[in-house]
Amino acid sequence: RAAAVRALVLAAVRYDGTNGYTAAAPLRRAYDAHRGTAADVNLLLLAALREAGMVAHPLLLSTRDHGRINPEFPLLDRFNYVVALVPLPDGTDLLVDATDPLLPCGTLPERCLNGSGHTVAEAPANSRWVELKPRQRFVHFQQLTLALDAAGGLTGTVHDEYAGYAARAVRAELAELGEPKYLAQLLRRHEGWAVPKLAVAELENPAQPLALNYAFSQSAEAAAPVQALYISPLKGFGPAQNPFQAESRTFAVDFAAPREESIAATLALPAGYELAELPKGAVVELSDGGGRFVYNVALAAPGTVQISSRLTLRKPVYAASEYANLRELYRRLLEKQAEKLVIKKKA
């Protein structure tokens, strides 16, 4: 019922990018204009939820760019946003926001994932702090099927799947750029690739992961078969660079939500060639189970190499004391994903 009410509000009023927790004018004005502030949209949502027979309370919070609330001194001017809190029968809370149509019901926009919020109740004793925990993760899964020829040419297919906040980011980019420009931007990371078409699935359904599928070809540099081939199959699919450039850091690393990035690649070698040496795998663990990176290369069958890379960051926020290990984890990830496979002609 909450999702159905939210869908009605999303269809009726669009968020204009202005934050606030009080309406500057009667809500009817925003409804008639089909446009309003975060307060206009979410206070309309709150009223509609109550009209539909649900218990719903305003939840005040501070967005990420506005700063954290100190629960010991919760000054009113430190809040700048409001969402609806619906208590569920199992004792949990459903936090509902109607400003972003690219997110499913119950998932707060990333800008709202900032510490705790405070409910507003008729009786002050019934008000409470609510932790703004992310209900979704940043999830990106890539499945690559690659085939190498004896001159170094590469062909294959890519299945790119995004879920949670990662799906929201790609949906927004596709809406802004359109598919042709998005594809052109994607190809900047893959020099020499030709991609005739990009197929997009579940673009209009934020409750489902977004999938991108495409085939590609990359011409060989050599004009004829060569004795040895050097290839980095995962190059261009992981991070372009380490996001942590500074040697040290004195404040926390806030990702907003946990992250998971996985790549599974199958590489078919040209006939008469073999992998000269099996690269070593890698496992990098963060302390206290905070995350890990796992990399592995294996021979699945004669002439077929399987490569897997998986990054898991289980915490939305990492303390400054964890920065060095986090930076090292990304360094090892980039090192392994750039590692070249040496493929030689059989003797």
Side-chain angles (χ1 to χ4, degrees), residues 102-104 107 136-149 153-219 231-240 257-270 279 281 292-301 303-313 333-334 336-339 341 343:
L102 301 181
L103 288 172
T107 300
Q136 300 268 358
R137 299 172 296 159
F138 291 86
V139 180
H140 185 197
F141 169 70
Q142 299 174 85
Q143 187 171 28
L144 320 176
T145 304
L146 313 173
L148 187 66
D149 65 33
L154 194 65
T155 58
T157 60
V158 177
H159 173 74
D160 231 347
E161 194 168 295
Y162 299 86
Y165 289 104
R168 192 264 171 221
V170 176
R171 284 188 172 100
E173 205 168 354
L174 280 165
E176 180 184 353
L177 300 176
E179 289 184 26
K181 287 186 178 179
Y182 180 87
L183 179 58
Q185 182 173 279
L186 184 149
L187 291 180
R188 291 193 190 106
R189 297 195 64 190
H190 301 282
E191 188 177 349
W193 276 30
V195 177
K197 188 178 179 182
L198 176 70
V200 183
E202 302 291 359
L203 178 62
E204 304 296 334
N205 186 3
Q208 295 296 324
L210 173 72
L212 308 177
N213 295 284
Y214 55 93
F216 73 90
S217 60
Q218 183 182 40
S219 301
I231 179 175
S232 300
L234 304 191
K235 186 178 179 182
F237 291 100
R259 309 178 81 90
E260 186 169 314
E261 300 174 17
S262 303
I263 306 173
T266 301
L267 174 65
L269 305 182
R292 71 189 321 224
F293 165 63
V294 180
Y295 177 85
N296 188 55
V297 181
L299 291 173
T304 304
V305 181
Q306 285 189 335
I307 308 145
S308 63
S309 169
R310 184 170 184 174
L311 170 67
T312 305
L313 298 175
L333 178 149
L334 288 163
K336 297 307 288 186
Q337 289 187 352
E339 192 172 49
L341 302 182
I343 297 157

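Applying the salt bridge (Lys or Arg N to Asp or Glu O under 4.0 Å) criterion to Arg292, with sequence neighbours excluded, gives Glu285. Under the side-chain contact (heavy atoms from CB on, under 4.5 Å) criterion, Gln218 pairs with Leu154, Trp193, sequence neighbours left out. Applying the salt bridge (Lys or Arg N to Asp or Glu O under 4.0 Å) test to Arg137 and every residue at least two apart in sequence or in another chain returns Glu260. Glu261 is linked by a side-chain hydrogen bond (donor to acceptor under 3.5 Å, both in side chains) to nothing, counting only residues two or more places apart in sequence or in another chain. Not counting sequence neighbours, Ala184 has no partner by the side-chain contact (heavy atoms from CB on, under 4.5 Å) test. With sequence neighbours excluded, the residues satisfying ring-ring contact (aromatic ring centres under 6.0 Å, His included) with Phe138 are Tyr165. In terms of the side-chain contact (heavy atoms from CB on, under 4.5 Å) criterion, residue partners of Glu339 (sequence neighbours excluded) are, by chain and number, Pro279, Tyr295, Lys336. Residues that satisfy the side-chain contact (heavy atoms from CB on, under 4.5 Å) test with Thr145, not counting sequence neighbours, are Thr157. Phe141 meets the ring-ring contact (aromatic ring centres under 6.0 Å, His included) test with no other residue; sequence neighbours excluded. Every residue two or more places apart in sequence or in another chain was checked for a salt bridge (Lys or Arg N to Asp or Glu O under 4.0 Å) with Glu161, and none qualifies.
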Would you mind writing out the side-chain donor-acceptor pairs for residues 206-216 within the sub-3.5 Å range, not counting sequence neighbours?
| unit_1 | atom_1 | unit_2 | atom_2 | d |
| --- | --- | --- | --- | --- |
| Asn213 | OD1 | His159 | ND1 | 2.6 |

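Summarising the geometry, atom CG belonging to Asn296 is positioned 9.5 Å from atom CD belonging to Gln306; distances are rounded to the nearest 0.5 Å. Atom-to-atom distance recorded for Arg171:CZ and Leu102:CG is 7.5 Å, nearest 0.5 angstrom.
The aromatic rings of His140 and Tyr162 sit parallel to each other, their planes meeting at less than 30°, with 60° as the upper class boundary.
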Stepwise, does the side-chain contact (heavy atoms from CB on, under 4.5 Å) test hold for Gln337 with Ile263? CA-CA 10 Å; Gln337 289 187 352; Ile263 306 173; 3.8 Å; yes
Candidate pair Leu146 and Leu148, rule side-chain contact (heavy atoms from CB on, under 4.5 Å), full reasoning: CA-CA 7 Å; Leu146 313 173; Leu148 187 66; over 6 Å; no
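Scanning all heavy atoms of the two residues, the minimum distance from Pro239 to Leu334 falls at O-CD2, 3.2 Å. Of all heavy-atom pairs between Pro233 and Ile307, the closest is CG-CD1, 3.6 Å.
Applying the side-chain hydrogen bond (donor to acceptor under 3.5 Å, both in side chains) test to residues at least two apart or on different chains, the pairs with a partner in residues 174-188 are Glu173-Gln185.
Of the residues listed (Leu144, Thr304, Leu341), the one engaging Leu267 in a side-chain contact (heavy atoms from CB on, under 4.5 Å) is Leu341, and it is the only one.
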